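Read the structure below first, then the notes.
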Protein chains: 2
Amino acid sequence: MKKQLNVSAREQNDHIAAENRRRFSEGGLFVSNIIGSPGCGKTAILEYTARHFREAFAVLVGDVKTALDSDRIIRSGQVDAFAIETGGGCHLSAQMIRDHLKKLRSNSPGFLFIENVGNLVCPSSFDLGEHIKVAVLSIPEGDEKVRKYPSLFLRAGAVLINKVDLLGIMDYDIERVRADCLAHNPEVRIFEISAKTGQGFEDWFAFLRTRRRETFP
Amino acid sequence: MKKQLNVSAREQNDHIAAENRRRFSEGGLFVSNIIGSPGCGKTAILEYTARHFREAFAVLVGDVKTALDSDRIIRSGQVDAFAIETGGGCHLSAQMIRDHLKKLRSNSPGFLFIENVGNLVCPSSFDLGEHIKVAVLSIPEGDEKVRKYPSLFLRAGAVLINKVDLLGIMDYDIERVRADCLAHNPEVRIFEISAKTGQGFEDWFAFLRTRRRETFP
């Protein structure tokens, strides 16, 4: 019978996350924790990034089961991508990240992208040691997700609105989504992108470079 | 400091779920627990149902925040729909259902649809007392979701593949999805539907009527 005290589990996670963040900073590694629904395009965004981002980076990919996503990213370019199977767990934990850090090459890259489990709720509450939480939305999901799942949008430093190539085909009030994001966090940066066409990625990449320079002056 | 023993919380949920199921059966109420990602179309399916299902039914709608979805369903037809805000919780619990059962009209309907929180992971593990778990997939999410989120598909008695009107526009191997569903549960019934065009709903409604007759002979 597994018994667990929730408070101490959360405290332990925060403690390990702080250690992770210290290690990231020592290595000059700027870390993004990418969170969104199943099917919003997190992996497709990282595939596009693997082909077009001209910086050294690595990827850790959380999934309940399978290594399908990390395999997709590896096939897209010269990038180290590693799967973390949570075995039923609905989010990544700081401990899971720590366990996989040793897999990253010793000549450490400048950026680490962590693709969290596809889930708009649970991952937002667990600090992994990242420098920024990145929320991913997509046009087919509908335009009311920010209102319905507020906890992620209170914490996200950037929002990627993906699949904007479908804006002509589907009803989606993107100005409403922008306003909802800003209502939760006036400092948030919002990027309208398409992992299919590449729209918006140059701005997103420039933002990442700037944030890294600001984090490690 | 909130401390909680997970085992007893789960046992308590199962206990209340069994009570709910007993109450449902006494009232001849056939209960579906509808589970899928944010934006897969759970609410749109219930809107279509409100307009076209010729049986008396009620709806309970779980959301992390807002009553947007129950409002949409109420606007669609003569149906009792009630919001359950989980206040951050990533799934409905049997207790939340019990707390809201008194809202259902005394002249009890034959069907109750429970729309769970948009989440492919956590809701699948919590029995609400339903007769059937219904998994909702959608074309824009991509065709690998059954492999990546197995726990729901081990337990679902029916799968609705929604937004099939987009099959021409997006890459989606529907035969692969069917095979993956059947690999998890050979007894599962799969319906290809579109809440936009109405495709497939007559078969789905007929299945519900049959399952209710079998459950309450």
Side-chain angles (χ1 to χ4, degrees), chain A residues 1-11 36-41 43-44 62-69 72 85-91 117-125 137-153 162-163 165-166 169-172 196, chain B residues 1-11 36-41 43-44 62-69 72 85-91 117-125 137-153 162-163 165-166 169-172 196:
Chain A
M1 299 257 284
K2 181 184 158 202
K3 295 189 178 184
Q4 192 183 347
L5 296 178
N6 281 342
V7 168
S8 63
R10 182 66 63 89
E11 279 171 357
S37 304
C40 68
T43 307
D63 256 316
V64 173
K65 197 156 173 64
T66 80
L68 291 170
D69 287 354
R72 277 173 59 187
E85 279 196 82
T86 65
C90 52
H91 61 86
V117 176
N119 184 331
L120 265 187
V121 190
C122 318
S124 68
S125 310
L137 294 168
S138 78
I139 304 304
E141 291 169 8
D143 54 20
E144 81 295 31
K145 294 296 168 281
V146 180
R147 297 182 187 197
K148 288 170 63 180
Y149 301 89
S151 104
L152 173 58
F153 298 91
N162 189 30
K163 309 192 191 183
D165 53 293
L166 297 172
I169 299 172
M170 294 170 179
D171 288 338
Y172 192 92
K196 197 167 173 184
Chain B
M1 299 258 285
K2 181 182 158 202
K3 294 190 178 184
Q4 189 181 349
L5 296 178
N6 281 342
V7 167
S8 63
R10 182 67 63 91
E11 279 172 355
S37 303
C40 67
T43 308
D63 255 316
V64 174
K65 194 153 175 65
T66 79
L68 291 170
D69 287 356
R72 278 173 58 187
E85 279 196 82
T86 66
C90 53
H91 61 85
V117 175
N119 184 332
L120 265 186
V121 190
C122 318
S124 67
S125 310
L137 294 168
S138 78
I139 304 305
E141 291 169 9
D143 53 20
E144 82 294 32
K145 295 296 169 281
V146 179
R147 296 182 188 197
K148 289 170 62 180
Y149 302 89
S151 105
L152 173 58
F153 298 91
N162 189 30
K163 309 192 190 185
D165 53 292
L166 297 173
I169 299 173
M170 293 169 181
D171 287 340
Y172 191 92
K196 197 168 173 181

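In this text the structure is predicted, and so the values were computed from the model without any measurement.
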**Fill in**
Of all heavy-atom pairs linking B:Thr66 and A:Arg147, the shortest is CG2-O, 3.4 Å
**Prompt:** For the side chain of B:Lys148 and the backbone of A:Asp69, is there at least one donor-acceptor N/O pair under 3.5 Å apart?
**Reply:** no
**Prompt:** Is the backbone N or O of B:Pro38 less than 3.5 Å from a side-chain atom of A:Tyr149, with the two atoms forming a donor-acceptor pair by type?
**Reply:** no
**Complete:** Heavy atoms of B:Asn119 and A:Cys122 approach each other most closely as ND2-SG, 4.1 Å
**Request:** Could you pull out all residues at least two apart from A:Asn162 that satisfy side-chain hydrogen bond (donor to acceptor under 3.5 Å, both in side chains)?
**Result:** none
**Item:** Name of the residue among A:Leu68, A:Thr43, A:Asp63 meeting side-chain contact (heavy atoms from CB on, under 4.5 Å) with B:Glu144
**Value:** A:Leu68
**Prompt:** Based on non-hydrogen pairs under 4.5 Å, which of A:Cys90, A:Ser138, A:Gly142 is most in contact with chain B?
**Reply:** A:Cys90
**Item:** Nearest heavy-atom neighbours spanning A:Val121 and B:Gly118
**Value:** CG2-O, 4.3 Å
**Request:** Under the side-chain contact (heavy atoms from CB on, under 4.5 Å) rule, collect the residues that match up with B:Ile169, sequence neighbours excluded.
**Result:** A:Ile169, B:Leu166
**Item:** Spacing of B:Ser151 atom OG and A:Lys65 atom NZ [to the nearest 0.5 Å]
**Value:** 11.5 Å
